[in-house]
Amino acid sequence: MKRRTGQDRSVTRNWKPATQAIRGGTMRSDFGETSEALFLTSGYAYDCAGDAAARFAGEQQGMTYSRLQNPTVQMLEERIALLEGAEACRTMASGMAAMTAALLCQLEAGDHLVGGRAAFGSCRWLTDTLLPKFGIQTTIVDARDAQQFADAVRPNTKVFFFETPANPTMDVVDLEAVCGIAKKHGVTTVVDNAFATPALQRPLEFGADVVAYSATKMMDGQGRVLAGAVTGSEKFINETLLAFTRNTGPTLSPFNAWVVLKGLETLDLRIHRQSENALKVGRFLEGRVPRINFPALPSHPQHNLFSRQMSAAGSIFSFEVEGRTQAHALLDALALIDISNNIGDSRSLMTHPSSTTHYGVAEDKRIEMGVTEGMLRLNVGLEDPDDLIADLDQALGQVGL
């Protein structure tokens, strides 16, 4: 591969996703390094004052400040855009920075947003608490029912915002139907695709406008760094989002970008193995717990929709036991699986959403979302699934299940 091949869309768009995940976006320095270079710099020097003025005026290509551009970060942005099938991408310091930027860059006082009820706790805080502080109206709907989006549309509706599968209930949203409703009304769809990643689901192919990520999750995949990303059209990224990020500064560090670049190299391998592991573990749990929320299982009411939109199970699902006391006892009985509120890690992790990730959501809203006191969310890692099943088996036995 030549020094700039990874940046040449006329070439890279024809590569298969596994190749894009390893070589897409790469640009080599004069040293010819095979691994992407890590550029730890806050600023850039110019040969003359005229060059500096020309770059700030947009008349000359080149970098001005690492709050705006960095070579390592730029490589990651190009790689994620390729994998997503998007024209452009901007990365952020965390997943929540990405979600916040994707919404606030396009909304203002008097606008209206329709959001899915089932969502990560901090995303519900955005829709329920932050946006209304700025005079942005919000309506929360059961995103499993596309008609509810249509019924919620007002003349001032600007954005539909939802996750699929949703955290932690695993609700699946009909992307084609909801995005079709949005286009009919001139509404922008923002989809949180962190659970699936572009390796398993590409919302843009179903009509979505913007896809946002916590790249902390499967993209890094090994619990090392925080990162976020927003993908979409060049017009949206460069004309709507860029001004917001330039002036508010939710900047991804070059080191974190480099780590995520390394993570993406194994994304395809990891997510498919973890999907296989999760399906095996899910089948075991299906006969042992009162309820399991895993669309990859044929018994799930949204299994057919899941199968149309996603190519594999993903690594995350939730299940329910009898209340918080039993849920906490089950967590305490685990010997191999870690108690942790992260997801997307190569290690298996389990948490009690009601008392961790969704603790900040009011109880009535947790009930509305479907987050019960007995719900547990499991991230299935790369361990041997038989070891995970053995750990769950003994823990379930200790709590009488």
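Bear in mind the structure is a predicted one, so any value in this text is a computation, not a measurement.
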### Query
Taking all non-hydrogen atoms of both residues, which atom of N70 and which atom of P254 are closest, and how far apart?
ND2-CG, 3.4 Å
### Between Q20 and R13: side-chain donor-acceptor atoms closer than 3.5 Å
no
### Query
Do H352 and T357 have side-chain atoms, one donor and one acceptor, less than 3.5 Å apart?
no
### Query
Taking atom types as modelled, is there a side-chain donor on E163 or N167 under 3.5 Å from an acceptor on the other?
no
### Query
Does the side chain of E320 pick up a donor-acceptor pair with the side chain of T372 at under 3.5 Å?
yes
### Message
Any heavy-atom pair between the side chains of F39 and W258 that's under 4.5 Å?
### Response
no
### Query
Charged N to carboxylate O below 4.0 Å: is that the case for R144 and D174?
no
### Validation row: I337, L378 side chains within 4.5 angstrom (heavy atoms)
yes
### Query
Can H185 and T157 be counted as having a side-chain donor-acceptor contact under 3.5 angstrom?
no
### Message
Under 3.5 Å, is there a donor on one side chain and an acceptor on the other for D171 and T169?
### Response
yes
### Query
Any chance the side chains of T356 and T351 put a donor and an acceptor closer than 3.5 Å?
yes
### Message
Between T189 and V210, is there a side-chain heavy-atom distance shorter than 4.5 Å?
### Response
no
### Query
Side chains of Q201 and N193: is there a donor and an acceptor less than 3.5 Å apart?
yes
### H272 and S275 side chains, donor-acceptor separation under 3.5 Å
no
### Message
Pairing donors with acceptors under 3.5 angstrom, does anything connect the side chains of Q60 and D51?
### Response
yes
### Task
Give a yes or no answer on whether the side chain of T19 reaches the backbone of W15 with a donor-acceptor pair at less than 3.5 Å.
no
### Message
Quick test of your reading of the model: are E368 and K365 salt-bridged, counting only N-O distances below 4.0 Å?
### Response
no
### Message
For a 4.5 angstrom cut-off between non-hydrogen side-chain atoms, does V153 reach F160?
### Response
yes
### Note, P71 side chain near V73 side chain (heavy atom, < 4.5 Å)
no
#### Entry: Sub-4.5 Å side-chain heavy-atom contact between H300 and I292
no
### Query
Just by distance, with hydrogens left out, do T5 and K2 show a side-chain donor and acceptor under 3.5 Å apart?
no
### Query
Is a side-chain donor-acceptor pair under 3.5 Å present for Y44 with Q69?
no
### Query
Is it true that atom CZ of R28 has more than 12 heavy atoms of other residues, nucleotides or ligands lying nearer than 6.0 Å?
yes
### Query
Between the side chains of T240 and Q106, is a donor N or O closer than 3.5 angstrom to an acceptor N or O?
no
### Query
Could you give the distance from CG (L392) to CG (L330), rounded to the nearest 0.5 Å?
7.0 Å
### Query
Is the closest basic N to carboxylate O distance between E78 and R9 below 4.0 Å?
yes
### Query
Are R366 and E373 within salt-bridge range, i.e. N to O under 4.0 Å?
yes
### Task
For residues F319 and F294, establish whether the separation of their ring centroids is below 6.0 Å.
no
### Query
Are any of the side-chain nitrogens in E286 or R283 under 4.0 Å away from the carboxylate oxygens of its partner?
no
### Query
Does R79 come within less than 4.0 Å of E36, counting only side-chain N to carboxylate O?
yes
#### Entry: Min side-chain heavy-atom separation M350-N379 under 4.5 Å
no
### Check: K217 and N342 side chains under 4.5 Å, non-hydrogen atoms
yes
### Note: D220-K262 ion pair, threshold 4.0 Å (strictly below)
no
